[in-house]
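Keep in mind that this is a model prediction, so the values were computed, not measured.
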Amino acid sequence: GAVVSQHPSRVICKSGTSVKIECRSLDFQATTMFWYRQFPKKSLMLMATSNEGSKATYEQGVEKDKFLINHASLTLSTLTVTSAHPEDSSFYICSANLAGVYEQYFGPGTRLTVT
Amino acid sequence: GDSVTQMEGPVTLSEEAFLTINCTYTATGYPSLFWYVQYPGEGLQLLLKATKADDKGSNKGFEATYRKETTSFHLEKGSVQVSDSAVYFCALRGNDMRFGAGTRLTVKP
């Protein structure tokens, strides 16, 4: 089946620094990837939809200048958390659509801790 | 907008007990419905899905039927195992993906 990977799986960074998270579709091309944030014991919150070759579409309330998304190729999307603060600590999950298939395939997630 | 409401947890059961996790939805149009499972420290995995009314999704002994008349997609399993302990998310795909809040299931031996 379709496989989506994320790197890194865990990252700890200091306040004020930036962190980049990669999302890759390993065996298929994904024109659309999605970025979610999951708070402890809560559901997934869609942050943005990443489209290859164009600007990402952000959900209401998500700061696009803080969460930079780049979808440079059909197999890679990146999320950069800029000037991270402790409240950005969370589990970030990406997913990708296989063309013509309704379901999304999820990556294993990245746990970000900002100290 | 579209939304999903699922039974609040946590749910604790003994091995071999019957499981039901309720899920209802509101949506315009005809969404596809999903159940995802998340094991500790991992991402979401698709458990089962149904794309139209009266479809039954099934996998690993879990079942859910797409009920348009009651706008529901309840998850059931006849006999749970310790390895089923996880968080279960009901979701729908309309214009975009919407998830329920998740239900944590713990199965004790």
If two hydrophobic side chains count as joined below 4.5 Å and joins carry through other members, does M7(B) share a cluster with Y25(B)?
yes

Given the rule in the side-chain contact (heavy atoms from CB on, under 4.5 Å) test, do F91(A) and Q38(B) qualify, once you have shown the distances and angles that lead to the verdict?
CA-CA 13 Å; F91(A) 197 53; Q38(B) 185 179 33; 3.6 Å; yes

For E16(B), is the CD atom crowded, meaning more than 12 foreign heavy atoms sit under 6.0 Å from it?
no

Enclosure of H7(A) NE2 (heavy-atom neighbours >12, cutoff 6.0 Å)
no

Is it the case that atom CD in Q81(B) sees more than 12 heavy atoms from other parts of the structure closer than 6.0 Å?
yes

Flag if over 12 foreign heavy atoms under 6.0 Å of NZ, K64(A)
no

Separation of R98(B) CZ from L46(A) CG (nearest 0.5 Å)
6.5 Å

For the aromatic rings, using the six-membered ring if either is Trp, is the centroid distance between F106(A) and F99(B) under 6.0 Å?
yes

How long is the straight-line distance from CD of Q104(A) back to OH of Y36(B), given to the nearest 0.5 Å?
6.0 Å

Gap separating the CG atom of L46(B) from the OH atom of Y105(A), nearest 0.5 angstrom
7.5 Å

Please step through side-chain contact (heavy atoms from CB on, under 4.5 Å) for the pair R93(B) and N97(A), ending with a clear verdict.
CA-CA 12 Å; R93(B) 178 83 187 269; N97(A) 259 103; 3.4 Å; yes

